[in-house]
Amino acid sequence: MCGTTLPTPLYGLYQRQLGFSSLMVTVIFAVYAIGVILALLLLGQLSDSVGRKPVLLAGLVLSALSALCFLLEGGLPGLFAGRVLSGLSAGLFTGTATAAVVELAPRRWAGAAALAATAANMGGLGSGPLLAGLLARYAPDPLRWVFAVDLMLVAVAVLVLLPVPETVPRRRGVRLRPRRLRVPRPVRPAFVPAAMAGFAGFATLGLFTSVAPSFLSRVVGVNDPGVSGAVVCAVFAASTGGQLLMGRIGVRRALPWGCVVLVAGMAVIFGSLATASLPLLVAGAVIAGLGQGLSFRAGVTMVSEQSPPERRAEVNSALFVVLYVAISLPVVGVGVMAVTLGLRQAGLVFTGCVALLAAATAVLMALRPVAPGGDAA
C-alpha cells in the first residue's frame with residue numbers, strides 16, 4: 001500500500017520534466033482507481049478459490065512491476081502503466097490481506113487483528129508520500145531512488161510472506177468473471193449513508209493524494225516535496241486515529257459525527273486556500289482525516305452488520321467500488337475546473353461540494369437512524 005501513494009509528492013517533478021498540466025496529474029491518478037475497481041470486480045473472490053498466499057504474491061509482483069515502470073519511466077505511457085499496475089495490486093490486497101490477517105490470528109484476537117490490518121493499510125498509504133517526499137528532498141535522483149527503495153521493500157515483503165501458512169484450501173475450476181454487485185433491499189438503509197459518507201471521505205483522500213502538491217506550490221507557495229509528503233501523511237495518520245476512536249464512540253454515533261468533523265475539516269481547508277495558509281491546510285488535513293476515518297470505519301462496520309452472511313462479500317465489494325470511484329472521479333473534476341477557473345477556485349468548489357455531501361449524510365442519519373436489527377428506525 002505504501003507503493004500506491006509514492007508518486008504523490010513527485011507529480012510536480014514529473015510535471016516539470018514532462019511538461020503536462022494539473023489536469024493530466026488527476027488523470028494519471030485516476031487510472032490507479034480504475035485498476036483497483038477492475039481487480040475488485042474481476043478478482044475480488046479469487047483468494048477464496050486459489051488461497052490467500054498466491055493472490056498476495058501476485059499483488060506483490062504487480063507492485064514490483066509498477067515500481068519498475070516508474071524506475072524506467074520514459075514518458076506518460078510509463079506513468080499510466082505504473083499507476084494501473086499499482087491499482088491492480090491494491091485491489092488484490094484490499095480484501096485478501098485483511099482476510100489473511102484475521103484468519104491467521106487466534107480467535108480471541110480477531111477484533112485486534114482486523115484493526116491491525118486496517119491500520120497497516122492506512123499506515124502504508126500515509127507512509128508512501130512521506131518516504132517519497134523525504135527521498136525527493138535529500139536523495140540525489142529522487143525519481144529513481146524512491147522506486148529502488150520500493151522494490152527493496154517489496155522483496156522483503158515476499159521473503160516474509162513465503163513461510164506464512166495458507167489458510168484457505170485450494171479449489172478446482174476457478175473462473176474469472178465480473179461480479180454482479182447488488183445490495184439487498186434490507187441493507188440499503190445502512191448502505192446509502194455509508195456510501196455517501198465514504199464518497200465524501202475518499203474524495204478528500206483522492207484530492208490530497210493527487211493535487212495537494214500542486215495546491216502547496218501554486219496556491220500556498222511551498223515547493224518542498226518533503227512538506228508535501230508530510231501533509232499527505234498527516235491525512236492518513238489522522239484517518240487511522242479516527243478509526244481507532246470509532247470503537248469508543250459507537251457505530252451509529254460515529255458515522256454522523258464523523259461527517260460533522262469532515263465538514264469542519266473542509267471549512268478549515270477552504271480557509272487555507274482562501275488565505276494561502278500552510279498551517280490552516282495542515283490543520284484542515286488532520287481534521288478532515290479524522291472525520292474520514294471515523295465515518296469510514298463506522299460505515300463499513302454498519303454495512304457488514306446489516307448484510308446477510310452469504311451476501312456480505314458482495315455488499316462490501318459494492319461499497320468499495322463506490323469508494324474508489326470517489327477517490328478518482330472528483331479529482332478529475334478538480335483538474336478540469338483548474339483549467340477553466342484556476343486551481344484555487346477549483347479547490348474551493350471541491351471543498352464546498354464535499355462539505356455539502358457530508359452534511360447531507362449527517363442530516364439523513366439524524367432523520368433516519370439505522371437500527372441494530374437491520375431496518376431503518
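- Under the 3.5 Å distance criterion, the side-chain polar atoms of Glu103 are left unmatched by any main-chain donor or acceptor of Thr167.
- A donor-acceptor contact shorter than 3.5 Å is absent between the side chain of Ser66 and the backbone of Leu62.
- Looking only at distances, a side-chain donor or acceptor of Arg253 sits under 3.5 Å from a matching main-chain atom of Ile249.
- No donor-acceptor pair closer than 3.5 Å links the side chain of Lys53 to the backbone N or O of Pro165.
- The pair Arg52-Glu166 does not meet the salt-bridge criterion, since no charged nitrogen lies less than 4.0 angstrom from a carboxylate oxygen.
- In terms of heavy atoms, Met122 sits closest to Leu205 at CE-CD1, 4.5 Å.
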Mind running side chain to side chain contact (heavy atoms under 4.5 Å, CB included) on Arg188 and Arg185 for me, showing each step along the way? CA-CA 5 Å; Arg188 291 174 191 174; Arg185 188 177 297 275; 3.8 Å; yes

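- Side-chain contact between Tyr324 and Tyr32 is present, with heavy atoms from C-beta onward closer than 4.5 Å.
- Of all non-hydrogen atoms in Leu290 and Gly241, the two that sit nearest each other are CD1-C, 4.1 Å.
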Take Thr204 and Gln292 through the side chain to side chain donor-acceptor pair (under 3.5 Å) test and state the conclusion after the steps. CA-CA 8 Å; Thr204 303; Gln292 184 276 333; over 6 Å; no

Are Val25 and Tyr14 close enough, and set up right, to give a side chain to side chain contact (heavy atoms under 4.5 Å, CB included), and what steps lead you there? CA-CA 9 Å; Val25 170; Tyr14 284 121; over 6 Å; no

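- For Ser89 (side chain) and Gly59 (main-chain N/O), a donor-acceptor pair under 3.5 Å exists by modelled atom type.
- Between Phe202 and Phe296, a ring centre-to-centre spacing shorter than 6.0 Å is recorded.
- Closest of all the heavy-atom pairs between Leu255 and Ala197 is CD2-CB, 4.0 Å.
- Under a hydrophobic clustering in which Ile, Leu, Val, Met, Phe, Trp and Tyr are joined whenever their side-chain heavy atoms come within less than 4.5 Å, directly or via other members, Leu125 and Leu134 fall into different clusters.
- Closest of all the heavy-atom pairs between Ile327 and Phe29 is O-CE2, 2.9 Å.
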Step by step, work out the side chain to side chain contact (heavy atoms under 4.5 Å, CB included) result for Val325 and Ile37. CA-CA 8 Å; Val325 169; Ile37 292 170; 3.7 Å; yes

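- Between the CG atom in Leu6 and the OG atom in Ser127 there is a gap of 8.0 Å [rounded to 0.5 Å].
- Thr8 places a side-chain N or O within donor-acceptor distance of the main-chain N or O of Thr209, the cut-off being under 3.5 Å.
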Side chain to side chain contact (heavy atoms under 4.5 Å, CB included) between Val354 and Phe199, intermediate numbers included: CA-CA 9 Å; Val354 170; Phe199 195 100; over 6 Å; no

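- In this structure, Arg144 contributes its side chain and Leu71 its backbone to a donor-acceptor pair below 3.5 Å.
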